[in-house]
Protein chains: 2
Amino acid sequence: MRNFVIFSRKGVTSPDFSLNDLPGSGGRMDLVCRCVNSALWISHGIRTDTNIYIVLNGPPDPPITIVFKGDSIKRVSPDERNIASWIKKAIAFAKGKEWTKVQNGILSSKKSFQDVIRELKDNPIYVLHENGKFLDEIEIKKNPVFVLGDHIGLPKKEELFVKRFNYERISLGKTSYLASHCITIMNYEMDKRRI
Amino acid sequence: MRNFVIFSRKGVTSPDFSLNDLPGSGGRMDLVCRCVNSALWISHGIRTDTNIYIVLNGPPDPPITIVFKGDSIKRVSPDERNIASWIKKAIAFAKGKEWTKVQNGILSSKKSFQDVIRELKDNPIYVLHENGKFLDEIEIKKNPVFVLGDHIGLPKKEELFVKRFNYERISLGKTSYLASHCITIMNYEMDKRRI
């Protein structure tokens with residue numbers, strides 16, 4: 001099983017953002033939606049071995065975490081607007097610290113980034129970071145958790161928290177990529193390595 | 001210079017598609033927009049060494065080709081809706097076989113796929129294809145042109161045409177990827193190889 005965790009600093013935590021303005025009213029929700037697309041879609045299918053957690057830390061009521069599970073999602077299309085419409089619904093379902101089912105394969109909660117990392121802490125954790133070790137020189141272990149920041153990056157405090165666990169920093173080289181592109185590259189690399 | 005050429009079978013050729021329904025009314029225009037995103041955006045910047053040609057073959061008036069040039073585009077955002085709004089405008093500008101400037105870095109014309117390939121024929125051409133040679137085993141030459149089909153693939157007739165030129169088939173392995181993901185992977189690979 002592969003897991004991706006996206007820390008979105010500005011992704012809003014109210015369902016009333018506009019589907020016609022994901023970058024502005026959604027707090028770069030377009031970026032979050034493309035991450036879900038990159039994590040789960042292949043040609044004519046869904047990656048049934050992959051989950052993506054999106055941790056929204058924008059106003060008015062952070063944090064909210066939504067997970068899309070590739071083994072069971074249904075009726076979700078790969079375009080930004082459709083994914084965003086499910087995020088809208090999931091935000092409205094986030095009531096407490098426990099996961100609430102939004103629909104098949106989509107769960108929502110008031111969990112924080114640190115709550116999610118605690119839940120996944122028995123897996124090897126890899127933080128995508130420009131100062132990390134180059135991907136080609138790293139052995140990726142089974143059931144990896146890949147942690148990514150948004151366009152502003154992962155806050156120091158959150159990376160310090162991850163350091164308590166089985167953790168390594170990965171770099172994708174000298175070019176700095178969009179979060180969604182990092183996910184596509186990691187999936188490609190894991191496909192090649194059969195992990 | 002890197003060039004990507006996307007053959008979209010169903011991408012519509014009238015500007016009256018709805019920005020609220022890119023997959024349906026746009027003929028999978030969401031897919032086309034994600035290809036533009038994957039070709040041109042890096043974190044906090046644009047790939048100034050890259051062009052992407054999108055060849056629209058859907059109703060009512062095919063073909064229309066639009067090119068986004070990384071060295072000069074301005075005021076375009078990486079989200080599907082914004083890219084689609086520029087495609088709408090570019091479709092309205094496509095009048096004859098010559099390129100018409102839509103705005104900085106966006107040109108439009110009634111060129112066909114074969115017209116575009118003829119224009120790029122002095123470069124090495126690589127067609128992404130599941131039965132191609134595996135990427136890791138291919139040397140990519142300078143100024144490559146990468147040709148991709150959409151979710152249905154490149155029509156036989158068009159691939160036969162490409163065969164007249166300096167042409168090779170590339171495969172990305174056993175997994176079949178979305179066109180936009182193929183572009184991200186090719187860009188990553190070219191970055192690593194410094195091509």
Side-chain angles (χ1 to χ4, degrees), chain A residues 18-24 26 28-34 37-47 49 77-85 128 130 134-136 148-153 172-194, chain B residues 18-24 26 28-34 37-47 49 77-85 128 130 134-136 148-153 172-194:
Chain A
S18 166
L19 292 178
N20 296 343
D21 181 21
L22 300 179
R28 294 307 311 277
M29 200 62 85
D30 61 312
L31 177 164
V32 172
C33 295
R34 285 194 301 277
N37 168 294
S38 289
L40 297 183
W41 268 266
I42 49 178
S43 191
H44 307 292
I46 295 282
R47 291 182 181 274
D49 64 343
S77 301
D79 59 297
E80 289 173 18
R81 189 181 177 93
N82 188 269
I83 294 169
S85 72
L128 279 278
E130 287 168 34
F134 185 47
L135 173 59
D136 287 5
L148 297 97
D150 55 10
H151 58 301
I152 314 171
L172 298 183
K174 292 202 172 152
T175 308
S176 178
Y177 297 100
L178 300 192
S180 56
H181 298 181
C182 291
I183 293 174
T184 298
I185 294 163
M186 291 311 305
N187 263 332
Y188 174 66
E189 192 67 27
M190 297 306 97
D191 292 343
K192 277 213 290 188
R193 301 189 191 184
R194 301 193 188 179
Chain B
S18 166
L19 292 178
N20 296 343
D21 181 21
L22 301 179
R28 294 307 311 276
M29 200 62 85
D30 61 311
L31 179 163
V32 172
C33 295
R34 283 193 302 277
N37 167 294
S38 289
L40 297 183
W41 268 267
I42 48 176
S43 190
H44 307 292
I46 294 282
R47 291 181 181 276
D49 64 344
S77 302
D79 59 298
E80 289 172 18
R81 189 181 178 92
N82 188 268
I83 294 168
S85 72
L128 279 277
E130 287 168 33
F134 185 47
L135 173 60
D136 288 5
L148 296 97
D150 55 9
H151 59 301
I152 313 170
L172 299 182
K174 293 201 170 151
T175 308
S176 178
Y177 297 98
L178 301 191
S180 56
H181 297 181
C182 292
I183 293 175
T184 298
I185 293 163
M186 291 311 304
N187 263 331
Y188 174 66
E189 193 66 26
M190 297 307 96
D191 293 341
K192 277 213 289 189
R193 300 189 192 184
R194 299 193 189 178

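We use all heavy atoms of the structure for the numbers below, so side chains are in, but hydrogens, waters and symmetry mates are not. Everything numeric here is computed off the predicted structure, so don't read it as measured data. Labels below follow one simple rule: chain letters A, B, ... track the order of the sequence lines, proteins then strands, and each chain is numbered from 1.
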With sequence neighbours excluded, what pairs up with A/Asp79 under the salt bridge (charged side-chain N to carboxylate O under 4.0 Å, His left out) test? none
Output for pair (B/Asn187 CG, A/Ile185 CD1), nearest 0.5 Å, gives 8.5 Å
Heavy-atom closest pair, residues A/Arg34 and B/Pro78: NH1-O, 3.4 Å
Find the distance between CG (A/Leu19) and CG (B/Leu19) and round it off to the nearest 0.5 Å. 13.0 Å
Sequence neighbours left out, cut at 3.5 Å: what donor-acceptor pairs do the side chains of residues 175-184 of chain A make with other protein atoms?
{"residue": "A/Ser176", "atom": "OG", "partner": "A/Glu130", "partner atom": "OE2", "Å": "2.9"}
{"residue": "A/Tyr177", "atom": "OH", "partner": "B/Asp191", "partner atom": "OD2", "Å": "2.6"}
{"residue": "A/His181", "atom": "NE2", "partner": "B/Asn37", "partner atom": "OD1", "Å": "2.8"}
{"residue": "A/Thr184", "atom": "OG1", "partner": "A/Ser38", "partner atom": "OG", "Å": "3.0"}
{"residue": "A/Thr184", "atom": "OG1", "partner": "A/Ser180", "partner atom": "O", "Å": "3.3"}

Chain B contact via A/Ile42 - which portion, at a heavy-atom distance below 4.5 Å: both
Check whether any side-chain heavy atom of A/Asp30 lies under 4.5 Å from a side-chain heavy atom of B/Glu80, and answer yes or no. no
Check each atom of B/Leu172 against the heavy atoms of chain A and say whether the ones under 4.5 Å are side chain, backbone, both or neither. both
